[in-house]
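Here is the structure we will look at.
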Amino acid sequence: MDLGFAAGQTVVVTGAGSGIGRAIAVLAATAGLRVAAWDIAAAAVADTVAGIEAAGGSAVAVTADVSDPAAVRAALAASGPARYLVNNAGPASSGDLAFARALELTVGSVRLVTQEWLATGPPSGAAVVNVASVAGNHFGTASDWYCAGKAAIAGYTRHLALTRAPAVRANAVAPGLIATPRMAGFAETDLGRAVIGRNPQRRPGAPEEVAGAVLFLLSPLAAYVNGVLLPVDGGWLIAQ
Ligand SMILES: NC(=O)c1ccc[n+]([C@@H]2O[C@H](COP(=O)([O-])OP(=O)(O)OC[C@H]3O[C@@H](n4cnc5c(N)ncnc54)[C@H](O)[C@@H]3O)[C@@H](O)[C@H]2O)c1
């Protein structure tokens, strides 16, 4: 799959041990990128890398908590120079977290990883894609910190797009309901059925469908796309 990436470039993907992050890592390798796959769960990210290597791709597994500054610096050193960054890791909205800590995990970690990555001096043509959500950006949900944190990621993305251009492009995706391990069983609940019933596509999205949008925004195909928040929700927003 040729999206125009130069050979041998590295992408850091956080939360690459599961769900959307794993799908992004796999698709990035298919597009010819070397993948530095980060996750707090060592066995999970090792599985992701094993799958990529078995398919002929290039990847390195890095165990790191993206909210820990020392761990993030060590992870960047272990990854090697990276032209591309995908900030995908974040806590599940169902988590019972104190507000300040939750924001630190949700958007503070995105800023931390990005700042440290920028400090490595990524080569020209660099790009970052952040994973936000329709929650907070387009509608409210039960979790106050999740809505606040995901909206903050969109704001931070626009800040980067303005202040770091032209060296770096920054964009974000806002997934709707995506069938990943953390959402297991949700589609069968009353709320899940209601959400899917109002979706023009009548189904949750697949992690690979978010990965496609992320890889496009990261790639040279999107060279003049900067500062957008792209919903990846099957048209759910326009049906509300
Ligand atoms: N699934 C959805 O419906 C949905 C919708 C909108 C946005 N999102 C966002 O997409 C992203 C991925 O979600 P998912 O559904 O694929 O979840 P997931 O639970 O399947 O995967 C998340 C991965 O991130 C890792 N992770 C969590 N905290 C970490 C940390 N501090 N440091 C490093 N790794 C960490 C986990 O170990 C896990 O492997 C999240 O930011 C989530 O908020 C998901």
Side-chain angles (χ1 to χ4, degrees), residues 11-16 19-21 24 36 38-40 64-73 75-76 79 82-93 95 97-122 125-141 143-176 178 210-211 213-219 222-233 237:
V11 59
V12 167
V13 181
T14 71
I20 294 169
I24 293 167
W38 295 17
D39 205 286
I40 198 168
D65 177 347
V66 293
S67 70
D68 177 343
V72 166
R73 283 191 283 276
L76 282 166
S79 301
R83 177 178 280 182
Y84 303 108
L85 170 63
V86 179
N87 285 305
N88 163 76
S93 61
L97 297 167
F99 192 79
R101 175 63 181 152
L103 287 191
E104 194 181 340
L105 287 169
T106 306
V107 60
S109 65
V110 170
R111 178 176 182 270
L112 171 64
V113 174
T114 304
Q115 292 290 103
E116 294 294 338
W117 169 70
L118 289 170
T120 68
V128 55
V129 176
N130 297 323
V131 177
S133 172
V134 290
N137 290 292
H138 299 285
F139 71 97
T141 58
S143 169
D144 57 0
W145 61 261
Y146 192 79
C147 289
K150 289 303 190 182
I153 288 174
Y156 179 60
T157 302
R158 287 188 284 270
H159 159 81
L160 290 171
L162 183 68
T163 62
R164 295 294 179 161
V168 179
R169 287 185 303 109
N171 293 291
V173 292
I178 308 299
V210 181
V214 169
L215 263 292
F216 164 68
L217 289 173
L218 212 56
S219 79
Y224 205 55
V225 182
N226 189 34
V228 305
L229 175 67
L230 176 64
V232 185
D233 67 345
L237 286 174

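Since this is a predicted model, take the numbers as computed values, not measurements.
Side chains of Leu112 and Ser67 form no contact here, defined as non-hydrogen atoms less than 4.5 Å apart. Trp117 places a side-chain heavy atom less than 4.5 Å from the side chain of Val168. Taking 4.5 Å as the limit, every side-chain heavy atom of Thr157 sits out of range of all side-chain heavy atoms of Leu229. Residues Leu97 and Pro91 have side chains in contact (heavy-atom distance under 4.5 Å, counting atoms from C-beta outward).
Nearest heavy-atom pair across Trp145 and Ala92 is CH2-O, 3.1 Å. Closest of all the heavy-atom pairs between Pro175 and Ala132 is CD-O, 3.4 Å. Across all non-hydrogen atoms, the minimal contact from Thr141 to Ala135 is CG2-CB, 3.7 Å. Annotation for Gly176 and Val134: closest pair CA-CG2, 3.8 Å, computed over non-hydrogen atoms. Across Ala172 and Leu217, no two heavy atoms sit closer than the pair O-CD1, 4.0 Å.
Here Leu160 contributes atom CG and Gln115 contributes atom CD; the two are 7.5 Å apart, rounded to the nearest 0.5 Å. Here the CG-OG distance, from Asn87 to Ser109, works out to 7.0 Å after rounding to the nearest 0.5 Å. Taken to the nearest 0.5 Å, the CH2 atom of Trp38 stands 13.0 Å off from the CG atom of Asn88.
With Asn171 contributing its side chain and Val129 its backbone, the two residues share no donor-acceptor pair below 3.5 Å. Listed for the Arg73 side chain is no donor-acceptor partner under 3.5 Å among the backbone atoms of Glu116. Looking only at distances, no side-chain donor or acceptor of Arg169 sits under 3.5 Å from a matching main-chain atom of Tyr224. A donor-acceptor distance shorter than 3.5 angstrom exists from the side chain of Thr14 to the backbone of Ala89, with no hydrogens or angles considered. When atom types are taken as modelled, the side chain of Asn226 and the backbone of Ala161 share a donor-acceptor pair closer than 3.5 angstrom. The backbone N or O of Lys150 sits less than 3.5 Å from a side-chain atom of Asn137, completing a donor-acceptor pair.
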Discussion item. As a quick check of understanding, evaluate side chain to side chain contact (heavy atoms under 4.5 Å, CB included) for Thr106 and Ile153, giving each step before the final call.
Written reply: CA-CA 8 Å; Thr106 306; Ile153 288 174; 4.2 Å; yes

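The list of salt bridge (charged side-chain N to carboxylate O under 4.0 Å, His left out) pairs with a residue in residues 102-115, not counting sequence neighbours, reads Arg101-Glu104.
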